[in-house]
Amino acid sequence: MLALSEKSAHFLEQIIQKDLLKNQRLHLRFPPEPNGYLHIGHAKSICLNFGLAEKYAGQCNLRFDDTNPLKEEQAYIEAIQSDIKWLGYHWHDEIKYASNYFKQLYQWACYLIDQNLAYVDELSADQIRIKRGTLTEIGENSPFRQRSIADNKVCFEKMKSGGYAEGQAVLRAKIDMTHPNLNMRDPILYRIIYASHHQTLDEWCIYPSYDFAHGQEDAIEGITHSFCTLEFSDHRLLYDWFLDHLPVSSRPKQYEFAPLNLSYTLTSKRKLKQLIDEKYVTGWTDPRLPTLSGLRRRGVPPEAIKRFCSMIGVTKSDSVVDVSMLEFSIREVLNQEAPRAMAVMYPLKLTITNLDDGEKIQLKAPNHPQNDTFGTRNLCFTNTLYIDQADFKIEKPNKKWKRLYLGGEVRLRNSYVIHCHDMKLNENGEPIELFCTYDQNTLGKDPVDRKVKGVIHWVEADSACDATFYLYDRLFQNETPDMHANIPFTDFLNPKSLVIVAGSKVESSLKQALPGVVYQFEREGYFCLDETLSKQKKQLIFNRTIALKDTWVQ
RNA sequence: UGGGGUGUAGCCAAGUGGUAAGGCAACGGGUUUUGAUCCCGUGAUUCGCAGGUUCGAACCCUGCCACCCCAGCCA
């Protein structure tokens, strides 16, 4: 926490600090296009914009950049809102939509025509592309560039009223076909799309391009600093050109920062959508996805995401952030917040031979080892328990082995020290039942005459609940799955990204596991109830948020 | 090869002319009824490279190199 507030200001924050000194307002915006769910990369931008507005007592708008009805949906608008709320941010005023400004944008387009700065081009998309030139060759004027203002007004009106087919005409700015920046070679302002828009329905059949919309939207809303990712750097010139030539009432400035790349992860809406459409995952909320909805369902707390965003910084250099940083912040938050419980993933029956059938010992266990305010819970100890198969070996494999073996001793977490004196094997020679005695004199204290190093977790057989665990692992086996020129990212999918373990046991207190609460199943990891799946399959299903850090080298 | 950017440890990142912060990862050690947490310790004679300016350069100048983005009627 301390480190967080002491962190030095990144370059955008420094710009804000300077501008604030000059008595400027601070008004930011987060402008997603509603064409998919938000992911961890958007979280970086959300934390930047909402976080800075919060820190410097400014405002931050939520604005849906909905200029393309072909790709957008109302469902995405709703999902995006709940993801932002989940992160704990509040947008200023009403939600904004680019579509709120369609009329104003249209009037400004007419204004540009009147200024002889825009024209209707009836070249085909292909012809426009060819005449635009290339990176090294200048472009060439369209034959329609010399249309009269009056003609342009007629043609633009014709575009607006449905007099052209899709693709038959576009409105372009008249700038400079020889400009070294391709964006300045008469960019397209309006195109014809005969599609119903989720907000404006069938009111329009012409839609503004991103370039013609974004800066003006910022100006209309009185945005002071417009932060976007690096790939828009080349558009800044155009952004300024429109603001210079239009009678806008405020002058926002665009600044660019590097988008987030995360190792072993995809941060591209388009590619995430492909994974969903091609059924590699179950949907936008699949816990293996880096979508905010997926992370939430997985059990990742919003605070972890905020800490992560603070940890990675904001710069202009291309980078790939190691996913271990995200994992660290998840564990850091969960270690503090998660109540502890015990769960046995692969049960092995263990009979206490010096305890009679029906005898019950009530035990109390703290819900958090470092924080008493979490309180305690009751545990029942009888002669029939389960421990994990991984915690028992017939023979002690090496001197570092701290768990149970035949003839050895181990502490049962929150309970007694037991000694294993016998076992039953199946036909394959695998142990199927252990016989142990417990040492009555070891509850809450160490035995006086000997050292018992190991501690293992357990559940009481009779009171335990059956549960199924969904163990998630990274979706890709390659650090940069989408950065290989000739290999599709789907080639790197991890076949073990989801492992379902059924037939597990959780302690009785988890019968009432609360949705939304992440528990630490001691020695295993952090888990949370999957409400949807549990209801659907009528059993307790836990998602593993993340395993505990494991530094044990066998 | 036009234009716009970026190069500081395996990864992220401070540093803005006074002699290389911090975090993640890794590796040691200590504590521990979670092989977790916590604590302590270990890294750059050097900042893409080469010159130059200066008493002094990661920071200034010159030249070079590498990588990223741009030729949607996507955003």
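When reading the values below, keep in mind they use all heavy atoms of this one structure, side chains included, and skip hydrogens, waters and symmetry mates.
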Considering every strand and a 4.0 Å limit on heavy-atom distances, what is the contact class for A:Pro369: base, sugar-phosphate, or nothing? base
For B:U53, give its Watson-Crick or G-U wobble partner with both distances under 3.5 Å, or none. none
OP1 or OP2 of B:G15 sitting under 4.0 Å from any side-chain N/O of A:Gln14? yes
Nucleotide of B:U33, B:A13, B:G5 approaching A:Arg236 most closely (side-chain heavy atoms): B:G5
What contact category does A:Lys400 fall into here, base, sugar-phosphate, or nothing, at under 4.0 angstrom with non-hydrogen atoms? base
Please figure out whether A:Ser324 or A:Val314 has its closest RNA chain B nucleotide nearer the 5' end. A:Val314
Scan A:Phe232 against the nucleic acid and name what it touches under 4.0 Å (heavy atoms): base, sugar-phosphate only, or nothing. base
What distance, rounded to whole Å, do you find between the two C1' atoms, one in B:U31 and one in B:C40? 11 Å
Please classify the nucleic acid contact of A:Leu123 as base, sugar-phosphate, or nothing, using heavy-atom distances under 4.0 Å. base
Provide the Watson-Crick or G-U wobble partner of B:G28, both distances under 3.5 Å; none if there is no partner. B:C40
At under 4.0 Å between heavy atoms, what does A:Arg132 touch on the DNA or RNA strands: base, sugar-phosphate, or nothing? sugar-phosphate
Counting only side-chain heavy atoms from C-beta out, which of B:U33, B:G4, B:C12 sits nearest to A:Ser233? B:G4
Among B:A14, B:G35, B:G3, the nucleotide that comes nearest once only the side chain of A:Ser8 is considered: B:A14
Provide the distance between the two P atoms, one in B:C65 and one in B:C49, to the nearest whole Å. 15 Å
Kindly point out which of B:G3, B:G5, B:G35 is positioned nearest to the side chain of A:Arg523? B:G35
For B:A66, give its Watson-Crick or G-U wobble partner with both distances under 3.5 Å, or none. B:U6
Closest approach to the side chain of A:Glu522, judged atom by atom: which nucleotide of B:U34, B:A14, B:G2 is it? B:U34
State plainly whether the residues A:Arg450 and A:Asp439 are in salt-bridge range, i.e. N to O under 4.0 Å. yes
At under 4.0 Å between heavy atoms, what does A:Ile312 touch on the DNA or RNA strands: base, sugar-phosphate, or nothing? sugar-phosphate
Which part of the nucleic acid, if any, lies within contact of A:Gln520, taking any heavy atom under 4.0 Å across all strands shown: a base, the sugar-phosphate backbone alone, or nothing? base
Taking B:C12 as the reference, what is the distance to B:A21 when you measure between their C1' atoms (whole Å, please)? 14 Å
When rounded to the nearest Å, what value does the distance between C1' atoms of B:C39 and B:G52 take? 49 Å
Can you tell me, in whole Å, how much space there is between the P of B:G48 and that of B:A66? 16 Å
What nucleotide, of B:A25, B:C12, B:A36, holds the atom closest to the side chain of A:Leu548? B:A36
Looking at every strand, decide which applies to A:Leu443 at a 4.0 Å heavy-atom threshold: base, sugar-phosphate, or nothing. base
Ring of A:Trp552 versus six-membered ring of B:G35: centres under 5.5 Å and planes under 30°? yes
Along RNA chain B (nearest heavy atom to each residue), the more 5'-positioned of A:Thr67 and A:Val320: A:Val320
Between B:A71, B:G23, B:A75, which one does the side chain of A:Met325 approach most closely? B:G23
Choosing from B:G3, B:A14, B:A71, which nucleotide comes nearest the side chain of A:Leu182? B:A71
Considering only heavy side-chain atoms of A:Asp65, the closest of B:A75, B:G4, B:G23 is B:A75
To the side chain of A:Lys549, which of B:A36, B:G2, B:A14 is closest? B:A36
Just verifying a value: how many Å separate A:Arg340 CZ and A:Phe374 CZ, rounded to the nearest 0.5 Å? 7.5 Å
Touch class at under 4.0 angstrom, heavy-atom based, for A:Ile138 against every strand present: nothing
